[in-house]
Amino acid sequence: MIRLVETAADAARFSAALAGRADPVAVETAVCFAAFRDVPGSGWKFYTGGAGEKPFALAVRDASAKLTGRADGEELAGLLAVLGARRLKSAEAAAPAGWRQDAAFDAFCAPASVEVPPLPAGAVLDEDVPMTEVVALLTGGDSLAGAAGKAAADTFYAEGCALRNRGLAKVWGLRLGGRLAATAGLYAIGQSAAVLSAVETAAPFRRKGCAAALVLRLAADFAPRGPVSLLARPGAEGFYQKLGFEQRGRAFGFAAPETD
């Protein structure tokens with residue numbers, strides 16, 4: 001049985017599904033739960049199983065959902081349809097009934113010992129880069145290129161600011177000649193694991209080591225607390241392998257059935 005997280009017992013089962021997991025989907029879900037569970041206006045809804053069932057953690061916002069663990073496929077498909085969710089991300093390869101897998105991502109983990117290279121010549125590290133500049137760079141590149149217009153960018157901005165203000169995200173940038181040349185962030189910071197995402201370099205500054213400098217600095221900064229993981233965009237796997245990241249597991253994207 002899938003139930004909305006409303007009571008302390010529900011919350012305990014939801015958290016139990018995430019305990020001890022450092023994969024990107026689980027860490028992102030745990031951080032969303034910590035940040036937005038008690039913020040009704042956030043739009044996030046959280047679900048888990050009933051008492052005595054194997055726990056799972058389902059987080060849904062608008063058309064997107066994240067799942068850690070396994071829920072009944074028929075019941076899950078029905079709930080997602082009611083909620084209007086069209087996309088699901090999970091570390092499990094099992095799809096909701098009638099849904100189809102349409103994406104797969106390699107999960108990478110930063111090495112325990114990170115060797116940080118020098119910054120590119122003339123570059124300045126900005127550890128407090130404004131989210132407005134970050135979103136502008138991301139929407140002009142690959143990270144938010146497939147997002148559904150202004151609404152998706154606005155959501156990314158609002159949630160990035162909220163997580164940052166709560167100490168649950170760290171977003172850095174690299175400037176060359178005063179211009180934001182690259183950005184990367186730990187957009188989900190848990191107690192003992194973090195997820196790296198939204199790595200982007202402006203076209204004029206690519207192949208200068210900007211993204212590598214940011215990624216390795218962020219990984220080294222968090223390393224004393226625990227592992228830093230990420231889901232690589234297709235085609236970017238080689239970049240992380242060159243930086244010493246190790247492939248550990250996968251995550252899968254699922255699409256809802258087409259409707260007339």
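None of these values were measured; they are calculated from a predicted model.
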Looking at [X] and [Y], what are the two nearest heavy atoms and their distance?
X: A35; Y: L163; result: CB-CD2, 3.6 Å
X: F252; Y: A91; result: CE1-O, 3.7 Å
X: V114; Y: A219; result: CG2-CB, 4.2 Å
X: A65; Y: L80; result: CB-CD2, 4.0 Å
X: A202; Y: R179; result: CB-NH2, 4.3 Å

Is a salt bridge present between [X] and [Y], judged by a nitrogen-to-oxygen distance below 4.0 Å?
X: R13; Y: E53; answer: no
X: R250; Y: E92; answer: no
X: E159; Y: R61; answer: yes
X: D106; Y: R233; answer: no

Spacing of L88 atom CG and S64 atom OG [to the nearest 0.5 Å]:
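The CG atom of L88 sits 9.5 Å away from the OG atom of S64.
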Measuring from I189:CD1 to E28:CD, what's the distance to the nearest 0.5 Å?
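Those atoms lie 12.5 Å apart.
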Taking only residues two or more places apart in sequence, or in another chain, which ones meet Q241 in a side chain to side chain contact (heavy atoms under 4.5 Å, CB included)?
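Testing Q241 for side chain to side chain contact (heavy atoms under 4.5 Å, CB included), a comparison that skips the adjacent residues, returns F108.
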If you count every heavy atom of other residues, nucleotides or ligands that lies below 6.0 Å from E75 atom CD, does the total exceed 12?
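Result for CD/E75: enclosed.
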Hey, are the side chains of V228 and C109 touching, using non-hydrogen atoms and a 4.5 Å cut-off?
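Counting from C-beta outward, V228 and C109 never come under 4.5 Å.
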Is any side-chain heavy atom of V124 closer than 4.5 Å to one of L174?
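No. Closest side-chain heavy atoms not under 4.5 Å.
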Using 30° and 60° as the class limits, which term best fits the ring planes of W44 and F36: parallel, tilted or perpendicular?
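Rings of W44 and F36: parallel, under 30°.
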